[in-house]
Amino acid sequence: MKYTVLLLTLFMCSIAQGLFAQTHKANKIEGIAAVVGDEIVLDSDVERDFQTAKLQGMEVKDRCEFLNNMLLEKVLIDRAKQDTLVVVTNDEVQRTLKGQIERFTQQIGSEKAVIDYFGFKTKAELENELQYYIRDNIYAREKRERVVSGLDATPEEVRMFFEEHKTELPDVKDEYSISHIILYPEIDPENEQKVIDELKQIKKDVEEGSSFATKAILYSEDPGSATNGGQYLKVKRGMMVKEFDAVAFNLDEGQVSEPFKTDFGYHIIQLEKRKGQELDLRHILITLKPTDEEIAKTKHKLDSIRILINEGKMSFKDAALRFSDDKMTKYNEGNLMNPQTGEDRFERAQMSANVSSALVGLNDGDISPVFVDEYENKKVVRLIRMNGFYPEHKINFEQDYSSLKRFTIRFKEQNVLMDWVKKQIPETFVKIGEDYKDCKFDLNWENN
């Protein structure tokens with residue numbers, strides 16, 4: 001079986017290309033296609049990836065290639081969950097979940113349309129379903145990175161790869177290089193105290209006999225746990241942000257914490273059970289919501305900064321360094337890097353709807369009007385600079401060397417990954433379903 005670059009890309013970017021099909025509940029098939037360790041592949045998983053690939057115009061022969069890709073991923077997930085060095089935090093899951101929902105919304109048109117498309121009644125139900133898929137995807141990615149770390153490609157290897165695979169490689173879509181300055185609205189102390197007082201009252205009610213789980217369902221704004229009564233099981237150190245750990249691991253069983261602050265807002269925790277270095281707990285989050293007046297003040301401040309830049313009294317670089325609240329970009333002229341590629345270019349579908357709108361009509365070097373946006377789970381006031389626009393074109397060696405080098409490295413990583421998986425198979429329980437017994441896999445999956 002030939003593993004093409006397109007199939008490799010599908011395997012490595014399963015959320016970006018296949019999550020619609022993976023989580024859609026319509027026409028669900030409950031048959032089991034395969035079992036890998038403690039992980040299960042459903043017939044519906046294979047069928048949906050197969051149909052998604054066809055809809056995207058890929059040339060696909062049968063479902064065997066898709067089952068093979070899923071088996072590879074399940075080996076990674078199974079091994080990652082046994083690897084104590086692989087830690088997937090709830091913070092990372094929630095940030096990824098939020099970004100994915102935003103991308104779905106851009107593609108489908110509205111948040112309600114996304115919820116309806118996936119067959120759920122509420123956004124909370126959708127997020128609760130997707131977070132498990134996203135967590136496994138992160139486990140697979142983290143383990144994969146550990147297996148293939150350190151690989152590189154020489155210019156000659158990149159050239160040879162391009163010559164061999166150029167007819168298979170996708171066209172490069174319109175791309176944008178952008179920088180930003182963001183300001184967090186300053187929350188008035190009175191506004192912040194209201195949140196603290198609300199959590200103190202909830203704590204008092206619980207200590208007087210109310211159910212913490214019910215309070216979490218009613219009041220918590222944590223999409224990952226609210227619908228489950230705020231419950232998180234088997235929490236280890238490092239899975240949550242450090243402020244959360246500092247409080248949680250100092251509670252006694254049954255105790256409810258005082259309100260405490262993280263980058264997400266204010267929290268209270270009830271410790272249910274301590275099992276060695278793992279905690280079962282419940283948690284309520286209430287976010288800090290800037291008022292219209294607080295947002296307006298922040299917009300006025302960033303508008304003043306924008307005027308200074310446009311009048312040449314301050315460079316965008318200096319303004320980002322001096323004023324931006326984004327610690328990840330302020331020391332790099334505000335330049336944004338695409339987390340999916342590691343480069344400074346974004347397709348429109350990879351940007352928020354607000355950023356995409358702000359770029360309309362901008363030329364290279366122009367800066368946008370000030371606008372309100374959501375960034376890293378916070379409401380922010382934002383200013384965008386267009387660094388460069390790169391029109392859609394056929395991929396070529398001169399203009400797209402960085403992308404081609406990335407493809408080349410991935411191709412090399414695939415070989416390393418396959419060798420690693422071959423070594424895992426004899427030590428891993430693998431069972432292929434009867435409907436796939438005739439598949440001609442390159443790997444002898446049931447040789448265990």
Side-chain angles (χ1 to χ4, degrees), residues 1-24 27-37 39-80 133 136-137 139-141 143-144 147-148 161 164-171 340 395 406-426 428-448:
M1 183 184 299
K2 180 181 179 182
Y3 294 95
T4 66
V5 175
L6 287 177
L7 286 174
L8 174 62
T9 303
L10 178 64
F11 166 61
M12 293 174 57
C13 305
S14 54
I15 280 185
Q17 296 187 3
L19 191 51
F20 282 115
Q22 291 280 351
T23 56
H24 199 311
N27 302 318
K28 186 175 181 181
I29 305 171
E30 295 297 346
I32 295 177
V35 177
V36 179
E39 305 298 319
I40 295 174
V41 180
L42 296 176
D43 287 329
S44 54
D45 296 334
V46 180
E47 178 64 23
R48 290 163 185 169
D49 263 11
F50 176 75
Q51 296 299 336
T52 298
K54 288 175 64 177
L55 288 172
Q56 293 174 340
M58 294 185 186
E59 295 183 7
V60 293
K61 296 179 181 179
D62 55 41
R63 292 159 179 77
C64 295
E65 292 176 308
F66 295 90
L67 176 58
N68 187 79
N69 286 342
M70 289 181 182
L71 293 170
L72 291 170
E73 187 172 19
K74 293 302 185 183
V75 171
L76 287 166
I77 294 169
D78 183 68
R79 286 293 182 262
Y133 179 87
D136 277 355
N137 187 274
Y139 268 120
R141 184 196 69 203
K143 186 62 180 180
R144 183 186 183 284
V147 172
V148 303
F161 173 83
E164 183 177 350
H165 297 282
K166 58 184 175 183
T167 59
E168 304 171 50
L169 296 171
D171 292 344
Q340 296 180 25
I395 195 166
R406 188 173 68 252
F407 279 128
T408 306
I409 293 173
R410 285 180 176 179
F411 193 78
K412 294 176 69 175
E413 288 174 348
Q414 183 186 30
N415 293 329
V416 172
L417 179 64
M418 291 302 172
D419 288 342
W420 178 82
V421 171
K422 287 177 184 178
K423 295 177 181 177
Q424 306 307 309
I425 291 176
T428 306
F429 174 78
V430 180
K431 183 68 175 177
I432 306 296
E434 291 299 323
D435 290 344
Y436 299 92
K437 289 295 187 182
D438 293 334
C439 288
K440 304 300 181 182
F441 297 121
D442 282 356
L443 299 175
N444 186 10
W445 282 108
E446 292 187 303
N447 180 29
N448 50 25

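What you see is a predicted model, and the numbers here were worked out from it, not measured in a lab. We number each residue from 1, following the sequence as shown.
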Student: Nearest 0.5 Å, what's the CG-SG distance between D442 and C64?
Tutor: 11.5 Å
Student: Taking it one step at a time, do F407 and L169 satisfy side-chain contact (heavy atoms from CB on, under 4.5 Å)?
Tutor: CA-CA 9 Å; F407 279 128; L169 296 171; 4.1 Å; yes
Student: Side chains of V421 and L443: does their closest heavy-atom pair fall under 4.5 Å?
Tutor: yes
Student: Measuring only between side-chain heavy atoms, which start at C-beta, is V36 closer than 4.5 Å to T428?
Tutor: yes
Student: State which residues pass side-chain hydrogen bond (donor to acceptor under 3.5 Å, both in side chains) with K437; sequence neighbours excluded, sorted by chain then number.
Tutor: E446
Student: Please tell me if the side chains of V148 and K412 come closer than 4.5 Å, counting only heavy atoms from C-beta onward.
Tutor: no
Student: So, the side chain of D49 versus the backbone of V46: is there a donor-acceptor pair under 3.5 Å, distance only?
Tutor: no
Student: Passes side-chain contact (heavy atoms from CB on, under 4.5 Å), E39 versus D136? Steps please.
Tutor: CA-CA 10 Å; E39 305 298 319; D136 277 355; 4.0 Å; yes
Student: Which distance, rounded to the nearest 0.5 Å, do you find between the CG of N137 and the CD1 of I77?
Tutor: 7.5 Å
Student: Run the ring-ring contact (aromatic ring centres under 6.0 Å, His included) test against F50 and tell me which residues pass, sequence neighbours left out.
Tutor: F66
Student: When you look at N444 and I425, which way does the side-chain contact (heavy atoms from CB on, under 4.5 Å) test go after all the steps?
Tutor: CA-CA 8 Å; N444 186 10; I425 291 176; 6.0 Å; no
Student: Looking at side-chain heavy atoms only, is the closest gap between L417 and W420 below 4.5 Å?
Tutor: yes
Student: Starting at CD1 of I395, measure out to CG of D171 and round the result to the nearest 0.5 Å.
Tutor: 8.5 Å
Student: Compute the ring centroids of F411 and H165, then answer whether they are less than 6.0 Å apart.
Tutor: yes
Student: Could you please spell out the steps behind the side-chain contact (heavy atoms from CB on, under 4.5 Å) verdict for E413 and I409?
Tutor: CA-CA 6 Å; E413 288 174 348; I409 293 173; 3.4 Å; yes
Student: Rounded to the nearest 0.5 Å, what separation is found between the CG atom of L76 and the CG atom of L71?
Tutor: 11.5 Å
Student: Of all residues at least two apart in sequence or in a different chain, which pass the side-chain hydrogen bond (donor to acceptor under 3.5 Å, both in side chains) check with K166?
Tutor: E163
Student: In Å and rounded to the nearest 0.5 Å, what is the CG to CD distance from D78 to Q424?
Tutor: 9.5 Å
Student: A side-chain contact here means heavy atoms from C-beta on lying under 4.5 Å apart; do R63 and L67 qualify?
Tutor: no
Student: Would a 4.5 Å heavy-atom cut-off, applied to side chains only, mark L72 and W445 as touching?
Tutor: yes
Student: Should R144 and E73 count as an ion pair when the cut-off is N to O under 4.0 Å?
Tutor: no
Student: If you measure from CD1 on I32 to CG on D435, what distance do you get to the nearest 0.5 Å?
Tutor: 12.0 Å
